Number of protein chains: 2
Amino acid sequence: MASDTKKLILDVAERLFADRGFSATSLRELTSEAGTNVASVNYHFGSKEALLAAVLERRLRPINERRLDILDKLEHTAGEHPLNLEDVLRAFLTPPFHKRREWGEGGRNFMRLMGRIHSETNKEFRASFIRQFDTVFRRFIVALRRSLPHLDDADVSWRMLFLVGSMAFTMTWAESMPLVDREASRDPEELLESLVQFGAAGMAATTRAPVAVGKENVRG
Amino acid sequence: MASDTKKLILDVAERLFADRGFSATSLRELTSEAGTNVASVNYHFGSKEALLAAVLERRLRPINERRLDILDKLEHTAGEHPLNLEDVLRAFLTPPFHKRREWGEGGRNFMRLMGRIHSETNKEFRASFIRQFDTVFRRFIVALRRSLPHLDDADVSWRMLFLVGSMAFTMTWAESMPLVDREASRDPEELLESLVQFGAAGMAATTRAPVAVGKENVRG
DNA sequence: GTCTATATGCGGATAGAC
DNA sequence: GTCTATCCGCATATAGAC
């Protein structure tokens, strides 16, 4: 059947792009592992770069839809009130973690690929890639600003980037991180919760009082 | 002079690897831009991959030396007392930010490259790359654990990774981030301070009390 | 140390039979 | 939809003159 080949190519591409990187993966080894031929990639996707776009699109769309879905529900329930900060962060962070689990090996490959995608492509491609997040990002900034009235737009945006960085790094490195391999391996659900706590505290931090906050917590 | 060519190759490689990625950069365009020839890379560095290692080594060594230097001084001053949390984070975060500025365009290129390095190389290379951070990472984990007695080793390690992720992401995307391009562009020094505050609050967050912390700060 | 020229192989894309 | 065969160019690496 036609769609079987297409799906197979997507799966193998996802894994190889994650393992070796986009440029370093050849269509030859890709199609060889998928049990098909180079021409089929061009038939189904048009080009190698279009294949990458399809790989990303397949996973990103449901993740971002789910994020907005949860945020919608939170806002509907809260009415005019600001949302709880941790709830908003969970709306953002839970979908990738859950989908990752739901998708099994493909999900893990995709997440590794995500953390790497900005390195592997030209500017135009990256721009089109980032555009997929535009709506999501803006919606969450608005929600976060209402929950964090002491911060301005720039503060919230940057902190949101910090959080995305933490998430991306965790997703990418969590599976093969020599630095914390001793007793630190951790259930993904626990990791998600750690990230929510870390992110919520970081997001809520007061600006312009660099020393005071830390000191009390630290001594003793 | 010999070392001029070598330095020139390093500079151009740093920029192109950061722009296009390692695999996508050919020695041909690299040496062409450097005004030399393919053979000179192999003469000076041995191979393309060894050139990448040299590019990283040149910047990483002084950054990590500086980190440990600052941490040494903090620990010497504090004696037996735990260190101030924000001080520890600054010891870790300040060197890359300051070196980045000090090194000008090369520094900016290097930082972009850093965020991308795990995507562009094979496992063996990554392993040798990560080993450069081993000492630094362990030293900071020890210092942080003493400053954060309510956390166990795994908590501290993961939160340190979260912080590294935030830093790497910020370094990589800060220069061309369409998501926050409106009024959010920010002085690097300010960004460093934002990151310290975000990180300190995140690091100090209490474990296992998911809702309580956020809610008070959020409502109203 | 630096270069030109070359060895040798793999890259993406496509034409055209089935 | 799928395949083989092929086009054409670029890749890294190196030999050897200067």
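Every chain is numbered from 1, with letters handed out A, B, ... down the list of sequences. If you're wondering where the values come from, they're calculated on a predicted model, not measured in any experiment.
Using a cut-off of 4.0 Å between Lys/Arg side-chain N and Asp/Glu carboxylate O, A/D11 and A/R58 are scored as salt-bridged. In summary, A/E105 and A/R100 do not engage in a salt bridge, as defined by a charged side-chain N under 4.0 Å from a carboxylate O. A salt bridge is absent between B/D152 and B/R145; no separation between the charged side-chain nitrogens and carboxylate oxygens falls under 4.0 Å. A salt bridge is absent between A/E14 and A/R108: the closest approach of a Lys/Arg side-chain nitrogen to an acidic carboxylate oxygen does not fall below 4.0 angstrom.
If you take OH of A/Y43 and C1' of C/dA17, they are 16 Å apart, rounded to a whole angstrom. Atom C1' of nucleotide C/dC10 and atom NZ of A/K48 are separated by 12 Å, given to the nearest angstrom. Note: CG (A/L27) to P (D/dC7) measures 20 Å, nearest angstrom. When rounded to the nearest whole Å, the span between CG of A/L30 and C1' of C/dA13 equals 15 Å. Between the P atom of C/dT2 and the CZ atom of B/F45 lies a distance of 11 Å, rounded to the nearest Å. Following rounding to the nearest Å, A/K6 (NZ) and D/dT2 (P) show an atom-to-atom distance of 11 Å. The CG-P distance, from A/N42 to D/dC7, rounds to 18 Å in whole Å. What separates CG of B/L8 from P of C/dG1 is a distance of 15 Å, to the nearest Å.
Of the listed nucleotides (C/dG1, D/dC3, D/dT2), D/dT2 has the atom at the smallest distance from the side chain of A/H44. Distances were taken from every side-chain heavy atom of A/S26 (C-beta onward) to each of C/dG11, D/dT2, C/dA13; the shortest belongs to C/dG11. Each of C/dA15, D/dA13, C/dC3 was ranked by its minimum atom distance to the side chain of A/A39; first place goes to C/dA15.
Phosphate contact (OP1/OP2 of C/dT2, side-chain N/O of B/T5, threshold under 4.0 Å): present.
Along DNA chain C, the nucleotide nearest to A/E29 and the one nearest to A/S40 differ in position, and the one closer to the 5' end is contacted by A/E29. Between A/R28 and A/N37, it is A/N37 whose nearest contact on DNA chain D lies nearer the 5' terminus.
Using a 4.0 Å heavy-atom distance criterion, A/T31 is classed as making no nucleic acid contact.
For A/R67 and A/F92, the positive end sits near the middle of the six-membered ring, less than 6.0 Å away and at most 45° from its axis.
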